Amino acid sequence: MKKGDHLFLIDGSGFIFRAFHALPPLTRKSDGLPVGAVSGFCNMLWKLLTDARDTSVGVTPTHLAVIFDYSSKTFRKELYPEYKANRQAPPEELVPQFGLIREATRAFNLPCIETEGFEADDIIATYARAAEAIGADVTIVSSDKDLMQLVTPNVHMYDSMKDKQIGIPDVIEKWGVPPEKMIDLQALTGDSTDNVPGIPGIGPKTAAQLLEEFGDLDTLLARAEEIKQVKRRENIVANADRARLSRQLVTLKTDVPLELPLDALVLEKQDGPKLIGFLKAMEFTTLTRRVAEACDCDAGAIEAAVVKVERGETAHGPDVDKREPAVSGEAGAVASSSVATPTTVAASAGDPTPADLAAARAAAFAAQKIDHSAYETIRDLATLERWIAAAGETGLVAFDTETTSLDPMQAEFVGFSLAIADNTRAPGSTDIRAAYVPLGHRTGGEDLFSDGLKLAEGQIPMPDALAALKRLLEDPSILKVAQNLKYDYLLMKRYGIVIEGFDDTMLISYVLDAGKSNHGMDGLSERWLGHTPIAYKDVAGSGKSSVTFDRVAIDKATAYAAEDADVTLRLWMVLKPRLVAEKLTRIYERLERPLVPVLARMEERGITIDRQILSRLSGELAQKAAAFEDEIYELAGERFNIGSPKQLGDILFGKMGLPGGSKTKTGQWSTSAQVLEDLAAEGAPLPRKIVDWRQLTKLKSTYTDALPGYVHPETKRVHTSYSLAATTTGRLSSSEPNLQNIPVRTAEGRKIRTAFIASQGHKLLSADYSQIELRVLAHVAEIPQLRQAFADGIDIHAMTASEMFGVPVEGMPSEVRRRAKAINFGIIYGISAFGLANQLGIERSEAGDYIKKYFERFPGIRDYMESTKAFARENGYVETIFGRRAHYPEIKSSNPSMRAFNERAAINAPIQGSAADIIRRAMIKIEPVLAEAGLNEKVRMLLQVHDELIFEVEDEAVESAMPIIVQTMEHAAMPAVAMRVPLKVDARAAMNWDEAH
DNA sequence: CCCCAACCGTA
DNA sequence: GTACGGTTGGGGG
């Protein structure tokens with residue numbers, strides 16, 4: 001084990017206890033053996049492992065052990081014979097399961113540790129401290145308060161049932177004292193379940209208060225006479241020895257002789273067949289199926305293992321070897337080999353690797369021509385039913401909708417296309433059939449005197465088609481493949497259909513190739529199929545002469561629409577196997593695909609804006625801008641278009657002869673805010689007014705005037721559109737309108753936020769991550785000072801300034817802190833002396849000195865930057881802490897500035913991208929969590945702004961929802977990644993976005 | 001009508 | 001110094 005490794009220590013006894021009580025008590029195998037706790041234990045372990053494994057960065061466990069109590073005869077019993085004396089014997093049906101659970105642990109290929117004379121907690125403590133001493137991080141999987149004394153910046157706990165991480169702040173929040181004082185607190189309060197005596201009449205609240213006042217137990221006992229409350233004082237004085245004894249009992253030993261050294265705990269690959277053998281013997285069919293799917297094993301071909309039970313009994317599998325049911329869901333016949341998760345089981349020599357299969361698939365489709373002539377038009381229900389039945393047989397269908405608008409909130413459904421892989425041919429066949437189903441095409445109306453448009457002949461009635469489609473789209477066992485499925489999802493939702501069981505070729509491409517290209521269908525088709533699809537404008541026209549799709553002739557529509565489904569299916573065939581080959585299935589399935597319905601719902605909900613407020617603001621802005629215009633013309637001596645940088649440049653630097661600063665790349669004088677600010681500082685009156693005028697007109701045109709135009713005619717709300725696949729780093733983007741750049745920095749701009757309001761009886765609740773990117777940096781670069789500062793909740797910029805300039809945090813001049821803050825941001829952006837100098841308005845040499853100083857104080861940051869660049873050069877991409885990739889194909893460019901740019905972007909991407917992944921996880925988790933709390937009707941997530949989520953919450957639910965949202969966001973990285981730094985979320989609720997933020 | 005450059009709003 | 005999207009002006013077709 002080495003620095004940076006991550007050890008997971010699972011409190012096996014705690015797991016058993018929780019598994020046993022969480023499940024119906026009398027789960028028995030067919031031969032009567034009780035296995036409920038074994039089942040619960042296996043499920044919990046599997047969940048933890050599949051959630052935590054397989055990201056390629058070293059932040060998930062590198063080492064793992066499951067630790068059990070050996071017996072109750074421990075040193076504590078000798079110290080205090082009454083210890084755990086009131087413990088009841090374990091329930092009868094649990095007894096035979098202890099041994100099975102140890103067997104289960106071995107079947108999972110995990111070390112199973114117990115030591116005579118010591119409790120599991122002592123072993124955990126010993127391992128935790130030993131690992132910490134090496135510089136590794138530790139996550140203790142347990143929620144037992146007895147273990148909380150072990151929490152440090154490097155040691156966390158994780159409650160896998162509640163999916164909650166426990167760090168220093170959580171301990172303080174729960175018990176009122178930091179982890180290192182937990183021992184004293186427990187010594188005072190005692191513990192009834194373990195029969196630790198403590199001091200009578202003192203509970204956690206009083207204990208925390210006393211420790212706060214006196215510092216620690218010894219001081220408290222020494223100065224007990226000072227306590228004012230008579231009864232309390234007497235109790236403490238009389239029971240001082242009991243407290244001291246209790247302290248001995250609750251103090252975990254950190255020097256237990258270790259059977260296995262830390263290095264022996266290294267996390268091994270799963271042995272699929274071995275685990276399945278055990279699970280079959282236990283008759284856990286669901287888990288057997290899951291494991292078989294994950295490791296791509298044929299469970300039917302694996303014999304149930306013979307498992308020895310304590311007391312000489314033998315348990316074995318059922319006599320009849322029932323074959324596992326065929327795997328349903330996305331494992332369509334066409335590609336059953338391509339959809340398994342990439343866990344485990346190495347291919348034997350000679351077998352094609354997943355990469356070979358993916359390459360072969362790509363080659364097969366690139367070589368095949370697309371034939372339009374075979375596309376069908378489906379005009380009757382019986383034919384449509386036959387196609388749907390065929391889709392049911394193959395379990396796979398590509399699907400595309402045609403509508404009257406690019407906006408899924410406004411679009412009317414006009415028709416849909418399907419493509420099916422013909423699996424009656426040999427496996428690996430590239431034969432595809434595709435068809436278009438016109439539903440809402442209209443004709444007529446060219447004649448001015450006719451009475452408008454009529455539905456074209458030969459179309460299935462919309463209600464019949466929707467009913468048939470609903471059966472197809474809502475059946476999770478038939479995998480629907482679409483390009484940009486969020487569009488179709490939202491459209492279909494508006495027609496009462498909730499798509500379940502889907503893949504999105506755009507998102508698959510994004511996960512595979514972010515940064516390499518964009519992920520539109522036409523581009524993907526060119527790249528992977530060597531085929532140029534029919535252009536939309538060739539079907540519907542463009543510009544003034546364009547028509548909506550319902551006016552397109554059905555035969556033309558068939559060629560276009562059926563081709564889209566055809567191409568989509570082919571792209572899926574090519575791209576999906578690459579996910580397995582490149583070990584990105586997990587990213588796709590956990591971070592990408594589940595977000596589609598979440599975002600669709602957010603877009604569908606929209607947010608209310610108060611048009612009156614905007615209109616009033618617009619008037620004010622117009623007036624103020626007009627006043628500026630008069631003054632500007634006066635100063636310039638003529639009227640001109642202030643909004644034209646070209647004309648403005650001529651006035652300022654030509655006519656008025658001000659000293660021109662920089663030029664833009666087209667040779668024009670730059671009139672950027674920076675240049676104008678500099679001129680203003682020199683004393684020229686005009687530039688300042690231009691800056692102010694620009695601010696006002698920007699606010700007016702981009703926000704107060706534009707936003708009302710986005711209010712939906714029916715919902716009366718504004719529905720933005722999120723793109724999942726627009727950025728290289730994993731961030732979302734928002735457009736039409738962009739609600740991720742609503743002003744906040746200036747007082748004038750913030751007024752716009754007051755127009756974003758909650759509906760009647762609701763509040764807007766804004767929850768935002770505090771300093772998430774710096775926290776991610778502290779995590780990935782493992783910077784001790786940063787980690788400590790975040791663990792202690794210290795002002796991070798002040799800490800940086802203090803480290804760099806030797807100025808104490810107390811009474812620090814704001815300018816010093818401001819510089820440190822700029823440096824911190826610079827680091828995240830892949831710092832350059834040029835950029836930092838620009839930002840701070842200082843000489844480049846001075847900025848260079850700052851950077852040098854910074855790297856001296858935080859050498860880990862330089863190491864991180866260098867190793868990230870090296871990784872990017874080596875691989876052409878970088879990764880977030882969850883394993884999402886961002887590609888930088890130009891990183892080796894011979895152009896130095898291009899290369900430097902790519903290096904900075906590559907340094908930034910893991911930080912920005914990891915933060916983006918964390919909030920994605922929070923968004924995916926939040927709805928189920930709220931539903932569990934019974935709040936899903938009362939709390940609606942509306943917006944995401946990179947590190948902020950905005951909800952609309954019923955008034956009476958605000959109080960209960962807020963902590964749930966905060967918790968979920970703060971622990972969103974878990975269990976995939978155990979952050980070495982706590983995440984902090986601030987939340988506020990108010991009538992409008994300005995006050996809530 | 002389309003595209004690009006400049007500018008500026010956000011994290 | 002990172003990542004975006006929208007508006008305007010202005011040039012070209």
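Note that the structure is a prediction, hence the values are computed from the model and not measured. Letters A, B, ... are given to chains in the order of the sequence lines, protein chains preceding strands, and every chain is numbered from 1.
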For this session: Give a yes or no on this: more than 12 heavy atoms of other residues, nucleotides or ligands lie within 6.0 Å of atom CZ of A:Arg818.
Result: yes

Exercise. Considering only heavy atoms from C-beta outward, does the side chain of A:Met409 approach that of A:Leu490 to under 4.5 Å?
Worked result: yes

Exercise. Can you find a side chain N or O atom of A:Ser644 that sits less than 4.0 Å from OP1 or OP2 on C:dG10?
Worked result: yes

Exercise. What's the CD-P distance between A:Gln839 and C:dT2, to the nearest Å?
Worked result: 12 Å

Exercise. How would nucleotides 4-11 of chain B be written as a contact map, 5' to 3', with B for base contact, S for sugar-phosphate-only contact and - for no contact, using protein heavy atoms under 4.0 Å?
Worked result: -SSSBBSB

Exercise. Is the count of non-hydrogen atoms from other residues, nucleotides or ligands lying under 6.0 Å from A:Glu620 atom CD greater than 12?
Worked result: yes

For this session: Could you tell me how the ring of A:Tyr536 sits relative to the ring of A:Phe549: parallel (under 30°), tilted (30 to 60°) or perpendicular (over 60°)?
Result: parallel

Exercise. Should A:Thr727 be listed as having a side-chain N or O under 4.0 Å from OP1 or OP2 of C:dA3?
Worked result: no

Exercise. What is the distance from OH of A:Tyr722 to P of C:dC4, rounded to the nearest Å?
Worked result: 17 Å

For this session: Could you check how far CG of A:Asp705 sits from C1' of C:dG6, rounded to whole Å?
Result: 13 Å

For this session: Find the distance A:Ile828:CD1 to C:dT2:P and express it as a whole number of Å.
Result: 13 Å

Exercise. Is the number of heavy atoms from other residues, nucleotides or ligands under 6.0 Å of A:Lys925 NZ greater than 12?
Worked result: yes

Problem set entry | Separation of atom CD in A:Glu890 from atom C1' in C:dT2, rounded to whole Å | 17 Å

Exercise. Which stems, defined as runs of 3 or more consecutive Watson-Crick or G-U wobble pairs with both pairing distances under 3.5 Å, involve DNA chain C?
Worked result: B:1-11 with C:2-12

Exercise. So what does A:Ala837 touch, heavy atoms closer than 4.0 Å: a base, only the sugar-phosphate, or nothing?
Worked result: nothing

For this session: Examine distances only and state if a side-chain atom of A:Ser618 and a backbone atom of A:Leu614 form a donor-acceptor pair shorter than 3.5 Å.
Result: no

For this session: Would you indicate what A:Ser735 reaches in the nucleic acid, counting non-hydrogen atoms under 4.0 angstrom: base, sugar-phosphate, or nothing?
Result: sugar-phosphate

For this session: Say whether A:Thr729 and A:Gln912, considering side chains only, have a donor N or O and an acceptor N or O under 3.5 Å apart.
Result: yes

Problem set entry | A:Glu846, CD atom: more than 12 neighbouring heavy atoms under 6.0 Å | yes

For this session: For the pair A:Phe756 and A:Val718, evaluate side-chain contact (heavy atoms from CB on, under 4.5 Å) and give the outcome as yes or no after the intermediate values.
Result: CA-CA 10 Å; A:Phe756 288 77; A:Val718 174; 5.8 Å; no

Seminar exercise, completed: To the nearest angstrom, the CD-P distance between A:Gln771 and C:dT2 comes to 20 Å

Exercise. Checking all strands, does A:Gly830 fall into the base, sugar-phosphate, or nothing category for heavy-atom contacts under 4.0 angstrom?
Worked result: nothing

Exercise. So what does A:Ala706 hit on the nucleic acid, given a heavy-atom distance under 4.0 Å: a base, only sugar-phosphate, or nothing?
Worked result: sugar-phosphate

